[in-house]
2 protein chains.
Amino acid sequence: MKHGDAFDPNCPTRLVLDRIGDKWTVLVVLTLSDGNPRRFTELRKMINGVTPKVLTQTLRAMARDGLLTRQVFAEVPPRVEYRLTPLGLTLQTPIKAITDWAEANVDEVMAARAAAL
Amino acid sequence: MKHGDAFDPNCPTRLVLDRIGDKWTVLVVLTLSDGNPRRFTELRKMINGVTPKVLTQTLRAMARDGLLTRQVFAEVPPRVEYRLTPLGLTLQTPIKAITDWAEANVDEVMAARAAAL
DNA sequence: CTTCATGGTTTCCAAAGGGTACCAATAGCA
DNA sequence: TGCTATTGGTACCCTTTGGAAACCATGAAG
């Protein structure tokens with residue numbers, strides 16, 4: 001249905017778009033893209049600027065959508081490991097396309113933005 | 001990047017990411033990706049669910065970043081045509097990667113989401 | 001019995017998103 | 001002379017989301 005593509009608010013494609021279009025989701029995928037598990041605090045440190053509340057929301061939403069797993073260890077202090085699922089790992093492809101574009105064109109965009117003042 | 005990639009909030013790449021990660025920006029690009037100009041009302045109708053305020057914000061921001069042009073005709077009733085710049089057209093590549101992923105994996109995501117209830 | 005680390009939660013506030021109403025300008029009509 | 005219709009937005013208001021800061025439960029270690 002290339003028609004309307006994602007133009008219908010209820011189109012499932014658009015629902016998916018909303019999730020992977022999220023800034024923090026992209027950064028979480030980048031952080032976990034080597035396939036290794038990371039703990040909550042690790043993620044928080046690596047993704048500079050994210051607050052714990054928003055990180056929790058993002059991780060829970062991604063887990064709900066099958067993009068990552070959340071493994072809780074019954075230890076003290078608590079240990080929780082997040083890792084991408086095979087599905088989550090496939091997100092690397094489109095995300096790389098985005099970051100490649102951003103890196104290639106950031107100068108032009110910033111120049112346009114500066115000129116618009 | 002590879003280090004830091006977009007992990008620094010002030011990293012220009014992340015600024016660009018914020019813009020093209022926006023839901024409405026993606027839909028505007030899809031709407032204009034055939035290279036033809038569209039009027040404000042046309043865009044509003046094609047992108048189901050967007051309010052005029054948000055559409056205006058999106059279009060102005062994209063124009064500021066050099067992704068599209070806004071051509072005003074001195075007519076009554078007013079006519080304003082939006083069209084992608086060459087830079088804006090190059091956005092099709094990463095966006096297609098995203099929509100392809102979404103279409104390919106929407107079933108799996110929705111299944112995971114349903115199972116999580 | 002105090003301290004420390006972890007993985008959050010709670011509270012509060014500001015910013016963004018979104019719905020609805022409205023407007024300016026003029027051509028065409030009556 | 002009104003009256004209407006069209007277009008591309010604004011203005012206003014309310015709800016939702018994002019974010020900063022503080023707090024919390026647990027139990028092992030000191």
Side-chain angles (χ1 to χ4, degrees), chain A residues 6-11 14-28 31-32 36-65 68-83 116, chain B residues 6-11 14-28 31-32 36-65 68-83 116:
Chain A
F7 296 124
D8 175 1
N10 294 326
C11 171
R14 188 142 134 189
L15 297 177
V16 173
L17 211 61
D18 286 349
R19 164 127 342 285
I20 69 176
D22 177 58
K23 169 173 67 172
W24 301 119
T25 299
V26 172
L27 294 173
V28 168
T31 307
L32 296 176
N36 293 324
R38 306 267 181 218
R39 303 177 61 172
F40 186 86
T41 308
E42 281 183 285
L43 290 170
R44 195 180 156 188
K45 283 175 189 159
M46 294 178 74
I47 304 173
N48 210 315
V50 70
T51 63
K53 189 185 79 169
V54 175
L55 183 56
T56 299
Q57 287 172 350
T58 303
L59 293 170
R60 297 285 162 88
M62 290 177 72
R64 238 183 294 119
D65 287 354
L68 56 74
T69 58
R70 178 174 181 271
Q71 187 176 9
V72 182
F73 296 85
E75 304 175 357
V76 167
R79 183 157 63 102
V80 179
E81 285 186 353
Y82 295 91
R83 90 178 62 203
Chain B
F7 297 124
D8 175 1
N10 293 326
C11 172
R14 187 142 137 192
L15 297 177
V16 173
L17 212 61
D18 286 348
R19 164 130 337 287
I20 70 176
D22 177 59
K23 169 172 67 170
W24 301 120
T25 299
V26 171
L27 294 173
V28 168
T31 307
L32 296 175
N36 294 324
R38 307 265 183 222
R39 303 176 62 171
F40 187 85
T41 308
E42 281 183 285
L43 290 170
R44 196 179 155 187
K45 283 176 190 158
M46 294 178 74
I47 304 174
N48 211 317
V50 70
T51 62
K53 188 183 81 170
V54 174
L55 182 55
T56 300
Q57 286 173 353
T58 303
L59 293 170
R60 296 287 162 87
M62 291 176 71
R64 238 184 294 117
D65 288 353
L68 56 75
T69 57
R70 178 174 180 272
Q71 187 176 9
V72 181
F73 295 85
E75 301 176 359
V76 167
R79 183 157 63 102
V80 179
E81 286 187 352
Y82 295 92
R83 92 178 61 204

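Convention: sequence-line order gives letters A, B, ...; per-chain numbering from 1.
Rounded to an integer number of Å, the gap from CZ of Phe40(A) to P of dT6(C) is 12 Å. Counting to the nearest Å, the C1' atom of dG8(C) and the CD atom of Glu75(A) are 16 Å from each other. We find that CG of Asp22(A) is positioned 16 Å from P of dA16(C), with the value rounded to whole Å. Here the C1' atom of nucleotide dA28(D) and the CZ atom of Phe73(A) are 19 Å apart, to the nearest Å. What separates CG of Leu27(A) from P of dG18(D) is a distance of 14 Å, to the nearest Å. In this structure, Ile47(A) places its CD1 atom 12 Å from P of dG19(D), rounding to the nearest Å. Atom CG of Asp18(A) is separated from atom C1' of dG18(D) by 16 Å (rounded to the nearest Å).
OP1 or OP2 of dG8(C) sits under 4.0 Å from a side-chain N or O of Arg70(A). Side-chain N/O atoms of Arg79(A) include none lying less than 4.0 angstrom from OP1 or OP2 on dG7(C). Dashed line: the shortest gap from a side-chain N or O of Thr41(A) to OP1 or OP2 of dG7(C) is under 4.0 Å.
Under the side-chain contact (heavy atoms from CB on, under 4.5 Å) criterion, Pro52(A) pairs with Phe40(A), Arg44(A), sequence neighbours left out. Listed by chain and residue number, Arg38(A), Arg39(A) satisfy the side-chain contact (heavy atoms from CB on, under 4.5 Å) test with Glu42(A) (two or more places apart in sequence, or in another chain). Legend: residues meeting side-chain contact (heavy atoms from CB on, under 4.5 Å) with Lys53(A), ordered by chain and number and at least two apart, are Thr51(A), Gln57(A). For Arg83(A), the salt bridge (Lys or Arg N to Asp or Glu O under 4.0 Å) partners at least two apart in sequence or on another chain are Glu81(A). Residues satisfying the side-chain contact (heavy atoms from CB on, under 4.5 Å) criterion with Pro78(B), sequence neighbours excluded, are absent altogether.
Listed by residue number, the members of residues 55-65 of chain A with any heavy atom below 4.0 angstrom from DNA chain C are Thr56(A), Arg60(A).
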Task: Candidate pair Thr58(A) and Val28(A), rule side chain to side chain contact (heavy atoms under 4.5 Å, CB included), full reasoning - done: CA-CA 8 Å; Thr58(A) 303; Val28(A) 168; 4.3 Å; yes
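When side chains are defined from C-beta on, Met62(A) does not count as touching Arg70(A), because their heavy atoms never get closer than 4.5 Å. Inter-residue side-chain proximity for Leu59(A) and Leu43(A) is flagged as met; some heavy-atom pair is nearer than 4.5 Å.
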Task: Sequence-aligned protein contact record of nucleotides 23-30 of chain C, with B where the base is within under 4.0 Å of a protein heavy atom and S where only the sugar-phosphate is - done: --BB----
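Separation of atoms CG (Leu68(B)) and OH (Tyr82(B)) is listed at 8.0 Å; rounding is to 0.5 Å. Interatomic distance, Thr41(A) OG1 to Met46(A) CE, rounded to the nearest 0.5 Å: 13.0 Å.
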Per-pair distances, 0.1 Å, donor-acceptor, side chain in residues 16-23 of chain A, under 3.5 Å, sequence neighbours excluded:
from     : atom 1 : to       : atom 2 : distance (Å)
Arg19(A) : NE     : Asp65(A) : OD2    : 2.4
Asp22(A) : OD2    : Trp24(A) : N      : 3.3
Asp22(A) : OD2    : Thr25(A) : N      : 3.1
Asp22(A) : OD2    : Thr25(A) : OG1    : 3.2

Distances under 3.5 Å between protein N/O atoms and the N/O atoms of nucleotides 18-22 of chain C, please, pair by pair.
from    : atom 1 : to       : atom 2 : distance (Å)
dG18(C) : OP2    : Trp24(B) : NE1    : 3.1
dG18(C) : N7     : Lys53(B) : NZ     : 2.8
dG18(C) : O6     : Lys53(B) : NZ     : 2.3

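The end-to-end axis angle of the helix from dC1(C)-dG30(D) to dA30(C)-dT1(D), rounded to 10 degrees and based on five pairs per end, is 20°.
Within the nucleic acid shown, Tyr82(B) comes within 4.0 Å of sugar-phosphate atoms alone, with no base atom in reach, counting heavy atoms only.
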